[in-house]
There are 2 protein chains.
Amino acid sequence: MADKPRPKPGETREKLMEAALALVGKGRHFASLGIREVTRQAGVVPTSFYRHFRNMDDLGLQLVDELGLVLRRMMRDARSNVLQADKLIDESVGIFISHAQNNRSYFTFMAQGLAGESRAVQEGIRSEMRYFASELANDLRRLRVVEHLNDADLEMTCDLVVRSVAFSLTDVLGIAPDDDYQVDQVRKRTARFLQLIFVGAANWNR
Amino acid sequence: MADKPRPKPGETREKLMEAALALVGKGRHFASLGIREVTRQAGVVPTSFYRHFRNMDDLGLQLVDELGLVLRRMMRDARSNVLQADKLIDESVGIFISHAQNNRSYFTFMAQGLAGESRAVQEGIRSEMRYFASELANDLRRLRVVEHLNDADLEMTCDLVVRSVAFSLTDVLGIAPDDDYQVDQVRKRTARFLQLIFVGAANWNR
DNA sequence: TGCTCTTGTGTACAACTGTTCACATCTGTG
DNA sequence: CACAGATGTGAACAGTTGTACACAAGAGCA
């Protein structure tokens, strides 16, 4: 028997998730990944896969959970780093985009999952987006920048904001990571989207 | 591109494209389709595939072209059927959504392709969206509803509109085709998104 | 010490994959 | 008419796939 490096406890599970994410980051589509392919990338024997996941969809679902953590971290980061209220939009957008840059694989997975073939993954991601929108609504209420909007309209506004940002993040993913000029273009354009939306919200009286 | 002006309609070619689209409509993801799978669905022998496409990405690219036709038809439909200017948004959204309902497979393919693994398909779809946005800008200019916006701001506004509608169309795809209530919810919500954007545009003076 | 769980491994197999090749059929043009 | 080219077919290939099975090493516990 050849000596094995080390049989660590429960590390294989994470290796498999990272492997899938790595393949997605390399341009592959999650839906086209196979069990063998992932285990190969993880440096594990195919059979091990079944010790942790029932199938690929299962792995995808667990990735969605991890994605939730990433998003929450991003949100916390934005909340604690936005200093001036008048630069709220610019600074938040900057933070979101840099998170997308630093977690390309996760956000690529998110973008793929939105139209993915697993209904469960799809629903999971949409649920994360709804959560994000409702947290944003809370923040805006707290900052008293939208006092004239009723709850439903505020919720609608935040939903639109989140969708726009999400779409912009997929723009970033289509750009070479070091193409600072293009990334900056997306940043500016996204900020203007949000400004436009907030101008709309400020003048919203039905 | 237009490689078949003279020869008779290669029906196998279209059968293959329809087959791929049918599989996508059935919930499969385009990136996970195989050549054999598509030919089987088309009722054709695997070898025939190579008579018309070099590989799956090639087929995807040609589907993007067809998708362009669908989008153009949708646009023309909206232009000729919107009767009252004050109902422009509601009627347009209604038309877009019913087109999405009647061409579910195409729009599912579009949603998938936006984050797909073929950079070319991705770029093709984004290009269709840009075209759509620029046509919308023309229309708005013609209708004189945005006379105070400069070209760049108008273009930005239209881009945001197109993105929002596109996102909403993916919402529709996640709903059972006959769930009229939910579809109507999406319709109303999308219309409000656009109203919000246009209120923003109307009050946009930097 | 034994017993049972959990995790990881190696082997095996039938089914399926993409692609090639040689051959059949059809269609329009010289 | 014959012939060239486009289109479709079937058999064949080597490689990959998902999954089942039996087994080994360690952990926790009586």
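Here is the naming used below: chain letters follow the sequence lines, and residue numbers restart at 1 for every chain.
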Side-chain contact check for E37(A): nearest option of dT19(D), dG10(D), dT17(D) is dT17(D)
For R13(A) and dG8(C), give me the distance from atom CZ to atom P, rounded to whole Å.
11 Å
Atom-to-atom span, CG of L33(B) to C1' of dC16(C) - whole angstrom
15 Å
Is D151(A) salt-bridged to R141(A), going by a charged N under 4.0 Å from an acidic O?
yes
Lys/Arg-Asp/Glu bridge criterion (N-O < 4.0 Å) met for D171(B), R126(A)
yes
Are any of the side-chain nitrogens in R73(B) or D77(B) under 4.0 Å away from the carboxylate oxygens of its partner?
no
Taking the side chain of R36(A) as its heavy atoms from C-beta onward, which of dT19(D), dC21(C), dT19(C) lies nearest to it?
dT19(D)
Between dT9(C) atom P and K15(A) atom NZ, what is the distance in whole Å?
7 Å
Calculate the interatomic distance between F53(B) atom CZ and dT19(C) atom P; express it in whole Å.
14 Å
In this structure, how many angstroms lie between the P atom of dG10(D) and the OH atom of Y50(B), rounded?
17 Å
When you measure from the centre of the six-membered ring of Y131(A), is the NZ or CZ of R72(A) closer than 6.0 Å and no more than 45° off the axis?
yes
Of the options dA22(D), dG18(C), dT19(D), whose atoms approach the side-chain atoms of R51(A) most closely?
dA22(D)
Could you give the CG-to-P distance, from D58(B) to dG18(C), as a whole number of Å?
15 Å
Ranking dG8(D), dT9(C), dT19(C) by distance to the side chain of S48(B), first place goes to dG8(D)
Is any side-chain N or O of H52(B) closer than 4.0 Å to OP1 or OP2 of dG8(D)?
yes
Quick one: is R40(B) getting a side-chain N or O under 4.0 Å of the dT17(C) phosphate, OP1 or OP2?
yes
So, is T12(A) close to the dG8(C) phosphate, meaning a side-chain N or O under 4.0 Å from OP1 or OP2?
yes
In whole angstrom, what separates F49(B)'s CZ from dT7(D)'s C1'?
15 Å
Can you tell whether the side chains of R187(B) and D184(B) come within less than 4.0 Å, N to carboxylate O?
yes
Distance in angstrom units between L16(B) CG and dG18(C) P, rounded
13 Å
